[in-house]
S.K.: 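Pasting a structure below so you can have a look.
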Amino acid sequence: MTFTAFVEGPLVWIAFLTFLVGSAVRLLLFITLSRKKDKPVYRYFSLKWMLLSIVRWLFPTNPDLQKNPVFSILGYIFHICLLAVPLFYSAHITLWQESRFKWSWWAMPDNWADWMTLIVLAIAIFFIIRRIVVPSVRIITTPSDFLLIVICALPFLTGYLNTHPDGTAYQWTTSILPFYGQYSTIIHIITGALMLIVVPFTKLAHWILFFVSRSVIGIEFGRRNYSV
Amino acid sequence: MADAQTQPITINPESIRQAVDARMNARLKMWMGICAHCGLCADTCHFFTAKNGDPRMVPSFKAQKLKKLFKKKGNVDEAFMQELYDTAYGECTLCRRCTLYCPFGIDMAMMVATMRGILTSQGLTPEGLKAAIQNYLETGNQMAVSEEDWVETLKWMEEELQEELPGATIPIDKKGANIMYTVNAREPKYYPQDIQLAAKIFHVVGEDWTFPSKPGWDDTNLAMFAGDIKSASYIVKLIKDAAEELQVKRVAITE
């Protein structure tokens, strides 16, 4: 099997399975350990407080919007673009259609994908600068925080380059990395796979544990009449 | 800096590791893993604000010291334990305001409280707290008021009260009363008039109430502040046992 065939086939499977199974394992690890050691969560279990807390913090209906409006709004935009572009970009959906699953769903106009990609990259740069410049954020920043921003940004960077081969950014990239033109799609797939693979092993697991964490604190604060 | 850490710190790696493992639950592990280090908690902390934005007061920074301790598996030095002590007692009041602003709802107070529990397991507790906990274990209340002094104080207050309100009483060990009243042990020790005032209200509204003569009347729980769960539950159990023995309908916690 050629390297290209490996990346386009098995690696994509490995990436998606690592992401899905790994995230499920994180969830199961929480449930099994909490059954033994976090009894209050179950004793005071309340679907109402769980859902209220999740909804309040999933949507811009929480106090951080007022406290840190710029960072909060950029955070929301970043997350929306980060999820929407991979899921609704037309060329990605074409690949799903051509796959054994033959799945298909709504695609966003390509110029939306362009803009949202640029927004992700711009906000990623903002996040990196913020981590360096703001002392209260710098002190809690670890090397992996920088690395994860880069890992999340790379699929968007390569995706933008590859869909704009006439652009100056592409020319510039191929002049520094002459092999890029030959492997552009493969590199894009590898960066996407890397992002999916690191999710269960890093703080990115918050894509699923966010719901667990909000649930347990919603139950804890709800029963005490605090704001959930 | 927290005050009164005068005890020499001796490091017992195995004991520290066990203390950490025993307290590590699924929530703490999840929170240590998902904190995105976003910094939204920074300006929610009154220590951060009071110290003019000292980055070392960022709640996430303080709470993540628990992660450091967990990762070290007991292999820590005196300086690290001292730092943990200063953070747990001198830089956090466990108010939970940071949690109200954390997008994940990470309970940083619970993380700091866990640090306190681990420190206590190693004998690192502020002297005042340590003495109070000893008092609870020996006498059932934090001020070491003896049963004799307690009952005598109540009778004395009842006498004074009756001069003003004839017929008013401070019932002791009245079985089947509606309310078992509890106080802070500072009241019999330093401010017995407070007990008289409560009795006055109970008399005027015609409430059926009582005090237990035996331990269980002190409703403070300072062991909780040291993360000493074993002593904390013993103190709560004193109140529960007293209430059950007197077969009261409810317990009034005033603290």
Side-chain angles (χ1 to χ4, degrees), chain A residues 26-27 29-41 53-54 56-58 62-64 66-68 71-72 75 127 130-131 134-142 144-145 148 200-221 224 226-228, chain B residues 20-45 47-49 51-65 67-68 71 87 91 95-111 113-114 229 233:
Chain A
R26 287 294 294 264
L27 194 62
L29 282 177
F30 177 87
I31 292 169
T32 47
L33 183 60
S34 64
R35 284 259 161 214
K36 271 181 251 155
K37 301 194 80 169
D38 301 67
K39 300 235 166 82
V41 175
S53 186
I54 289 171
R56 183 154 175 257
W57 287 85
L58 202 53
N62 59 71
D64 283 331
Q66 277 172 11
K67 190 172 73 70
N68 290 48
F71 181 67
S72 297
F127 283 167
R130 179 176 174 270
R131 284 204 177 279
V134 182
S136 60
V137 186
R138 188 169 59 219
I139 196 169
I140 48 178
T141 296
T142 60
S144 80
D145 291 326
L148 286 174
F201 308 103
T202 61
K203 66 175 184 177
L204 297 189
H206 77 246
W207 84 273
I208 184 129
L209 294 180
F210 162 86
F211 298 94
V212 179
S213 185
R214 283 268 41 121
S215 298
V216 298
I217 211 66
I219 290 165
E220 168 74 2
F221 278 14
R224 293 177 189 275
Y226 301 169
S227 159
V228 297
Chain B
V20 174
D21 285 352
R23 286 166 180 80
M24 234 0 106
N25 61 34
R27 281 169 293 169
L28 293 169
K29 280 188 172 167
M30 169 174 66
W31 289 330
M32 292 190 306
I34 64 170
C35 175
H37 309 140
C38 72
L40 275 169
C41 55
D43 57 357
T44 65
C45 179
F47 282 97
F48 179 83
T49 316
K51 297 197 176 182
N52 299 317
D54 180 349
R56 287 170 304 168
M57 295 303 125
V58 174
S60 167
F61 179 69
K62 292 182 264 187
Q64 292 296 323
K65 288 178 186 179
K67 187 178 179 175
K68 265 197 204 167
K71 283 194 165 172
T87 296
E91 298 167 357
C95 78
R96 283 176 155 180
R97 190 162 187 266
C98 45
T99 304
L100 292 174
Y101 289 90
C102 173
F104 297 162
I106 295 175
D107 194 343
M108 287 164 262
M110 195 207 233
M111 296 169 83
T114 305
I229 303 300
S233 42

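Lettering of chains follows the sequences in order, A, B, ..., and the numbering in each one begins at 1.
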S.K.: Which one wins on heavy-atom pair count under 4.5 Å against chain B: A:Thr141, A:Val228, A:Val212?
M.R.: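 Top option by heavy-atom pairs under 4.5 Å: A:Val212.
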S.K.: Examine distances only and state if a side-chain atom of A:Arg214 and a backbone atom of B:Pro103 form a donor-acceptor pair shorter than 3.5 Å.
M.R.: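 Yes, the answer is positive, given that a donor and an acceptor are paired below the 3.5 Å cut-off.
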S.K.: Does B:Ala26 offer a backbone N or O that forms a donor-acceptor pair with the side chain of A:Ser34 under 3.5 Å?
M.R.: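 Answer holds: no.
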S.K.: Select one option (side chain, backbone, both, neither) describing which atoms of A:Arg35 are under 4.5 Å from chain B's heavy atoms.
M.R.: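 Neither; nothing under 4.5 Å.
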S.K.: Can you tell me which portion of B:Ala36 sits under 4.5 Å from chain A's heavy atoms? Options are side chain, backbone, both or neither.
M.R.: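 Contact with chain A involves both backbone and side-chain atoms of B:Ala36.
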S.K.: Check whether A:Phe127 gets within reach of chain B through its side chain, its backbone, both or neither, counting any heavy atom under 4.5 Å.
M.R.: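 Answer is neither: A:Phe127 stays 4.5 Å or more from chain B.
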S.K.: Search all heavy atoms of B:Ser60 against all heavy atoms of A:Ile140 and return the closest pair with its distance.
M.R.: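 It is OG-CG2, 3.7 Å.
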S.K.: Would you give the length of the straight line joining atom CG of A:Asp38 to atom CZ of B:Arg27, rounded to the nearest 0.5 angstrom?
M.R.: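 Those atoms lie 4.0 Å apart.
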S.K.: Could you look at B:Ala22 and say if it's the side chain, the backbone, both or neither that has a heavy atom under 4.5 Å from chain A?
M.R.: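 It is the backbone, since no side chain atom gets that close.
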S.K.: Would you please classify the geometry between the A:His206 ring and the B:Phe104 ring as parallel, tilted or perpendicular, with 30° and 60° separating the classes?
M.R.: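 Correct class here is tilted.
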S.K.: Measure from the side-chain N and O atoms of A:Lys67 to the backbone N and O of B:Asp43, and report whether any donor-acceptor pair falls under 3.5 Å.
M.R.: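 Between the backbone of B:Asp43 and the side chain of A:Lys67 there is no qualifying donor-acceptor contact (under 3.5 Å).
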S.K.: Is it the case that the side chain of A:Lys37 and the backbone of B:Met24 share a donor-acceptor pair, with hydrogens and angles ignored and the cut-off at 3.5 Å?
M.R.: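 Yes, because the side chain of A:Lys37 sits within donor-acceptor range (under 3.5 Å) of the backbone of B:Met24.
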S.K.: Determine yes or no for a side-chain-to-main-chain donor-acceptor pair under 3.5 angstrom, with A:Arg131 supplying the side chain and B:His37 the backbone.
M.R.: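 Yes.
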S.K.: Give the member of B:Gly33, B:Cys102, B:Cys35 that has the highest number of heavy-atom pairs under 4.5 Å with chain A.
M.R.: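 Most heavy-atom pairs within the cutoff with chain A belong to B:Cys102.
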S.K.: Check B:Pro55 against A:Ser136 and note the closest heavy-atom contact, atom names and distance.
M.R.: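 Between these two residues, the closest heavy atoms are CB-CA, 4.1 Å.
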S.K.: Looking at CG of A:Asn68 and CG of B:Leu40, how far apart are the two atoms once the value is rounded to the nearest 0.5 Å?
M.R.: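 Interatomic distance, A:Asn68 CG to B:Leu40 CG, rounded to 0.5 Å: 5.0 Å.
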S.K.: Please classify the contact between A:Asn62 and chain B as side chain, backbone, both or neither, with a heavy-atom cut-off of under 4.5 Å.
M.R.: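 Neither part; nothing is under 4.5 Å.
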S.K.: SG/B:Cys38 to CG/A:Asp64 distance, rounded to the nearest 0.5 angstrom?
M.R.: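 Reported value, rounded in 0.5 Å steps: 7.5 Å.
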S.K.: For the interface with chain B, which of A:Pro135, A:Gly75, A:Pro63, A:Ser72 has the highest count of heavy-atom pairs at distances below 4.5 Å?
M.R.: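 Highest number of pairs under 4.5 Å: A:Pro63.
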S.K.: Please look at A:Val134 and chain B and tell me whether the side chain, the backbone, both or neither of the residue comes under 4.5 angstrom of a heavy atom of that chain.
M.R.: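 Contact with chain B involves no heavy atom of A:Val134 at all.
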S.K.: Which distance, rounded to the nearest 0.5 Å, do you find between the CG of A:Leu33 and the NZ of B:Lys29?
M.R.: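 Reported value, rounded in 0.5 Å steps: 5.5 Å.
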S.K.: Where on A:Phe30 is there a heavy atom nearer than 4.5 Å to chain B: the side chain, the backbone, both, or neither?
M.R.: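 It is both, since atoms from each part get that close.
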S.K.: How long is the span from the CZ atom in B:Phe61 to the CZ atom in A:Arg138, to the nearest 0.5 Å?
M.R.: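 These two atoms lie 12.5 Å from each other.
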S.K.: Contact part of A:Tyr226 toward chain B, heavy-atom cut-off under 4.5 Å: side chain, backbone, both or neither?
M.R.: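 When you check distances to chain B, only side chain atoms of A:Tyr226 fall under 4.5 Å.
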S.K.: Apply the side chain to side chain contact (heavy atoms under 4.5 Å, CB included) test between B:Met30 and each candidate in A:Leu29, A:Leu209, A:Leu27; give the one that qualifies.
M.R.: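 So, applying the side chain to side chain contact (heavy atoms under 4.5 Å, CB included) to B:Met30 and each of A:Leu29, A:Leu209, A:Leu27, only A:Leu209 qualifies.
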S.K.: Check for a donor-acceptor pair, side chain of B:Arg56 on one end and backbone N or O of A:Ile139 on the other, with a separation under 3.5 Å.
M.R.: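 No.
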